[in-house]
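Written out below as structure tokens is the structure these notes cover.
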Amino acid sequence: MVTRDELLGPVDAVAPALLGCWVVTDRPEGTVAVRLTEVEAYSGDGTDPAAHSHRGPTPRAAVMFGPPGRLYVYFSYGVHWCANVVVGPEGAGSAVLLRAGEVVVGEELARARRPSARAARDLARGPARLTQALGIGPDDRNADLLDATSPVRLHTGDPAAPVESGPRVGISVATELPWRFWESGAPSVSAFRPGGRPRSRPAREDRPRE
DNA sequence: CGCCAGATGCGCT
DNA sequence: GCGCATCTGGCGA
């Protein structure tokens with residue numbers, strides 16, 4: 001198990017240290033474990049406008065201000081659930097987004113949860129895919145990842161390759177911070193462009209309508 | 001292959 | 001009402 005002390009440092013130092021760790025979910029239908037290959041740091045120190053905690057402990061972001069080692073789960077784009085590990089001292093408002101990993105236990109169950117995934121590396125490639133493969137959802141909000149009896153846990157591990165860093169993905173502010181960390185060469189690292197897809201505007205005002 | 005746009009609901013202005 | 005820490009399938013080269 002990861003210990004509380006390992007999560008107390010600055011979020012941009014803790015985030016790369018989580019690479020290689022395992023996220024494990026025990027459910028009635030079986031166990032799935034994912035070895036983390038890509039994460040992103042979000043800081044609650046007030047300097048990170050991309051963090052959900054940037055506007056204070058709103059109802060959604062309250063978990064980010066709680067004790068380290070809890071799971072911050074949020075609903076994204078009206079469709080997906082994404083998961084973070086809360087880090088830093090209680091009240092810091094910092095968290096590490098779990099962006100991608102490789103399924104190391106329970107591949108059959110992960111495939112059943114993600115029928116659209118073809119290659120194995122796509123099972124947990126991307127933050128919403130990762131939560132799907134692990135069966136993480138709203139019921140896991142604020143779960144204690146450091147409790148050995150919890151159905152969702154974080155186990156220690158080491159990266160299998162050097163760690164690289166670069167801009168975070170899918171955000172439109174603070175894109176200069178190199179707070180995305182990944183295992184060099186990992187096939188499960190997100191292929192998305194830094195900064196996200198540019199927002200498209202209506203191409204034509206005179207487009208015929210039905 | 002790569003690029004594109006829709007889906008879909010919540011949080012905050 | 002607007003924007004969003006995304007994913008997927010469709011379409012064209």
Side-chain angles (χ1 to χ4, degrees), chain A residues 11-12 14-16 18-19 23 34 36-65 70-88 93-101 103 110-111 113-141 165-182 187-205 207-210:
Chain A
V11 64
D12 54 322
V14 173
L18 293 182
L19 294 173
V23 181
V34 164
L36 295 175
T37 58
E38 184 187 9
V39 298
E40 280 176 357
Y42 287 88
S43 175
D45 68 1
T47 67
D48 182 8
H52 288 170
S53 55
H54 188 242
R55 286 170 177 79
T58 61
R60 177 175 69 159
V63 172
M64 287 183 75
F65 291 88
R70 299 299 184 88
L71 196 68
Y72 167 50
V73 180
Y74 72 93
F75 194 49
S76 176
Y77 288 89
V79 185
H80 305 293
W81 295 95
C82 298
N84 298 246
V85 179
V86 176
V87 310
S94 296
V96 176
L97 172 66
L98 309 179
R99 279 207 64 90
V103 174
R111 282 189 177 278
R113 288 170 174 158
R114 297 212 63 247
S116 68
R118 301 187 159 265
R121 68 167 181 271
D122 291 332
L123 286 171
R125 182 190 194 212
R129 294 166 168 179
L130 181 145
T131 60
Q132 276 182 51
L134 286 166
I136 288 174
D139 292 345
D140 300 302
R141 283 179 287 208
S165 65
R168 292 177 291 185
V169 171
I171 58 172
S172 54
V173 292
T175 53
E176 74 284 357
L177 292 174
W179 280 3
R180 174 183 172 226
F181 303 92
W182 65 92
S188 53
V189 169
S190 299
F192 306 122
R193 299 238 175 89
R197 174 165 53 86
R199 210 161 309 289
S200 60
R201 311 210 156 189
R204 282 170 281 175
E205 292 292 331
R207 189 175 183 282
R209 288 182 299 115
E210 205 39 46

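Chain letters run A, B, ... following the sequence lines, proteins first, then strands; residues in each count from 1.
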For [N], does either OP1 or OP2 sit under 4.0 Å from a side-chain N or O belonging to [X]?
| X | N | value |
| --- | --- | --- |
| A:Ser76 | B:dC10 | no |
| A:Thr58 | B:dC12 | yes |
| A:Ser116 | C:dT8 | yes |
| A:Arg99 | C:dT6 | yes |
| A:Arg114 | C:dC7 | no |
| A:Arg129 | C:dT8 | yes |
| A:His52 | B:dG11 | no |

Shortest side-chain distance from [X], nucleotide among [options]:
| X | options | value |
| --- | --- | --- |
| A:Arg55 | B:dA7, B:dT13, C:dA5 | B:dT13 |
| A:Ser172 | B:dT13, C:dC7, C:dC4 | C:dC4 |
| A:Val79 | B:dT8, B:dC12, C:dA5 | B:dT8 |
| A:His80 | B:dT8, C:dA5, C:dC7 | C:dC7 |

**OP:** Using a 4.0 Å heavy-atom cut-off across all strands, classify A:Ala128 as base, sugar-phosphate, or nothing.
**Re:**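 Sugar-phosphate contact only.
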
Quick one: [X] [atom1] to [N] [atom2], roughly how many Å, whole number?
| X | N | atom1 | atom2 | answer |
| --- | --- | --- | --- | --- |
| A:Gln132 | C:dT8 | CD | C1' | 11 Å |
| A:Leu130 | C:dC7 | CG | P | 10 Å |
| A:Arg125 | C:dT8 | CZ | P | 11 Å |
| A:Arg60 | B:dT13 | CZ | P | 11 Å |
| A:His54 | B:dT13 | NE2 | P | 11 Å |
| A:Tyr74 | C:dG3 | OH | P | 18 Å |
| A:Ile171 | C:dT6 | CD1 | C1' | 14 Å |
| A:Asp122 | C:dT6 | CG | P | 16 Å |

Original post:
What distance, rounded to whole Å, do you find between the two P atoms, one in C:dA5 and one in B:dC3?
Top reply: 22 Å

Shortest non-hydrogen contact from [X] to [Y]?
| X | Y | value |
| --- | --- | --- |
| A:Val73 | A:Gly137 | CG1-O, 3.8 Å |
| A:Ser43 | A:Ala51 | O-CB, 3.4 Å |
| A:Ala100 | A:Ser188 | CB-O, 3.1 Å |

Subject >> Within residues 113-124 of chain A or reaching into it, pairs that qualify as salt bridge (Lys or Arg N to Asp or Glu O under 4.0 Å) - sequence neighbours excluded >> reply: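 Pairs touching residues 113-124 of chain A that pass the test: A:Glu29-A:Arg113, A:Asp122-A:Arg125.
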
Original post:
Would you say A:Tyr42 stacks on C:dA5, if stacking means ring centres under 5.5 Å apart and planes within less than 30 degrees?
Top reply: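 Answer is yes, a stack.
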
**OP:** Kindly state whether the pair A:Tyr77 / B:dT8 counts as stacked, where counting means centroids closer than 5.5 Å and planes tilted less than 30° apart.
**Re:** no

Original post:
When the aromatic ring centroids of A:Trp81 and A:Phe75 are compared, is their separation below 6.0 Å?
Top reply: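 Aromatic pair counts; centres sit under 6.0 Å.
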
Original post:
When A:Val34 is tested against each of A:Leu123, A:Thr131, A:Leu98, A:Leu130 for side chain to side chain contact (heavy atoms under 4.5 Å, CB included), which residue passes?
Top reply: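 Going through the options one by one, the only one that passes is A:Leu130.
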
Original post:
Can you check whether A:Tyr74 reaches A:Asn84 side chain to side chain, under 4.5 Å on heavy atoms?
Top reply: yes

Original post:
Pairing of DNA chain C as dot-bracket, 5' to 3': ( ) intra-strand, [ ] crossing, | other strand, . unpaired, with Watson-Crick or G-U pairs under 3.5 Å?
Top reply: ||||.|||||||.

Original post:
Sequence neighbours excluded, which residues qualify as salt bridge (charged side-chain N to carboxylate O under 4.0 Å, His left out) partners of A:Arg111?
Top reply: A:Glu107

